[in-house]
Amino acid sequence: MENKIVYLNGDYLPLNEAKVSVLDRGFLFGDGIYEVIPSYSGHLFHFEDHLQRLENSLDGIRLPNPHTREEWATILAPFLDAQLDQYIYLQVTRGVAFKRDHAFPEHVPATVFVMCSTIVPFTGLNQGVKAITMDDTRWKLCNIKAITLLGNILHRQSAVEQGCAEALLINEGYLVEGAASNVFAVIDGVLCTPPKSNEILPGITRDVILDLAKKNNITTSEDKIAFADAKRATELWVTSSTREIIPIVELDSVQIGDGTPGLVWHQMNDIFQTYKKSLL
Ligand code: PDD
């Protein structure tokens, strides 16, 4: 295993020396939140937006932010590499409490962990990927980027076992998001994505795409998408920090559009790549 340097509670140390107590509430309860921030050529992509979402997630689980924005920037700085594209993963848990009790412990410092990994470009981008739909079995606070990801994991695993890249989740007849991604659909020529709510994670990639679409005269909608409408979409995409914009060409074994990545995807992907470079 690669023995890269990670950050844990104030120290930078080799991965195999980074140890967390078995009494950490992240381990015992999944009591924590995380962020995944792309770093392109050493520049953190939409860092302020990721920090804002981190703050919102911490507020959502009533855990005080252990660091100021300046401190976060300082902590992440040693991971940035001008020669590489990377993902920075950061996690904050409610720390180590010596009694296992569901209620919050008092006077316990949060556990802060950061690691990074090199971005490996997603294969299958040019031909598109397959997806399945599943009834969303997750909880009601999907807007919090919680480390408690068992629901998401079970959805994604089902997709993988069926030779698919993602599971699209349906909540009371509406398409909400993917197991680890937001979703976009081109319906009647309009680029549609579900509105922000507690049913989806407010993706940073999602926001960037909506913004770029508006600036490039692509008509957008943030209304709820009935599953029946999703099924007649001419294009479907999933978006995330780790995979960017992935076109889905087959949903539940039914072809989407002409079975290849659509024109709007090509246009948006070009715009997105150009935008990324413009920030360097
Ligand atoms: N996940 N929805 C869910 C449930 C997600 O897990 C993610 C990303 C997104 C997209 O958010 P963003 O564009 O900010 O990455 C939407 C990350 C990448 C992960 O869990 O690894």
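None of the values given here were measured: they were computed from a predicted structure. Counting starts at 1 for both ligands and their atoms, following the listed order. Just so you know, residue 1 is the first one in the sequence shown, and it goes up from there.
Residue contact check: S241 has heavy atoms under 4.0 Å from atoms 12 (P), 13 (O), 14 (O), 15 (O) of ligand 1. Heavy-atom proximity to G203, at under 4.0 Å, picks out these atoms of ligand 1: 11 (O), 12 (P), 13 (O), 14 (O). In summary, the atoms of ligand 1 found under 4.0 Å from a heavy atom of T239, numbered by their order in the structure, are 10 (C). Close contacts between ligand 1 and I204 involve ligand atoms 12 (P), 13 (O), 14 (O) [criterion: under 4.0 Å to a heavy atom]. For ligand 1, the atoms sitting less than 4.0 Å from at least one non-hydrogen atom of E177 are 2 (N), 3 (C), 4 (C), 16 (C), numbered in the order shown with element in parentheses. The distance from ligand 1 to the heavy atoms of N152 drops below 4.0 Å at these ligand atoms: 4 (C). Of all atoms in ligand 1, numbered sequentially from 1 with element shown, those under 4.0 Å from a heavy atom of A179 are 4 (C).
When only non-hydrogen protein atoms are considered, atom 18 (C) of ligand 1 lies nearest to T242 OG1, 3.6 Å. For atom 21 (O) of ligand 1, the nearest non-hydrogen atom of the protein is V36 CG2, 3.7 Å. Counting protein heavy atoms only, atom 13 (O) of ligand 1 is closest to T205 OG1, 2.5 Å. The nearest heavy-atom contact from the protein to atom 17 (C) of ligand 1 is K145 NZ, 3.4 Å. Atom 10 (C) of ligand 1 has its closest protein heavy atom at N182 OD1, 3.6 Å. The nearest protein atom to atom 20 (O) of ligand 1, hydrogens excluded, is given as Y34 OH, 2.5 Å; this is a heavy-atom distance.
The existence of a salt bridge linking R206 and E177 is excluded, since no basic side-chain nitrogen approaches an acidic carboxylate oxygen closer than 4.0 Å. A salt bridge does not link R94 with D24: none of the charged nitrogens is closer than 4.0 Å to a carboxylate oxygen.
The six-membered or imidazole ring of H46 lies near that of Y275, with a centre-to-centre distance under 6.0 Å.
Considering CD of E199 and OG of S197, their distance stands at 4.0 Å, rounded to 0.5 Å.
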Given salt bridge (charged side-chain N to carboxylate O under 4.0 Å, His left out), test K215 with D211 step by step and report yes or no. CA-CA 6 Å; K215 287 183 177 138; D211 196 41; 2.9 Å; yes
Show, in sequence, the C-alpha distance, side-chain angles and deciding distance for E166 and K130, and conclude whether the salt bridge (charged side-chain N to carboxylate O under 4.0 Å, His left out) test is met. CA-CA 7 Å; E166 185 59 303; K130 298 177 185 177; over 6 Å; no
Working note: E222 + K214, criterion salt bridge (charged side-chain N to carboxylate O under 4.0 Å, His left out); need CA distance, chi angles, decisive distance, verdict. CA-CA 12 Å; E222 289 182 73; K214 284 168 196 157; 3.8 Å; yes
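For atom 14 (O) of ligand 1, the nearest non-hydrogen atom from the set R206, H50, R53 comes from R53. Compare A180, G151, P202, S240 by their heavy atoms: the one nearest to atom 6 (O) of ligand 1 is in A180. Here the shortest heavy-atom distance to atom 9 (C) of ligand 1, taken over S181, G178, A146, P38, belongs to S181.
Within the 4.5 Å cutoff, side-chain heavy atoms of L58 are placed close to those of V92.
Using cut-offs of 30° and 60° on the angle between ring planes, the pair F45 and Y40 is perpendicular.
Put simply, the residue from T93, I33, I61 that forms a side chain to side chain contact (heavy atoms under 4.5 Å, CB included) with I147 is T93.
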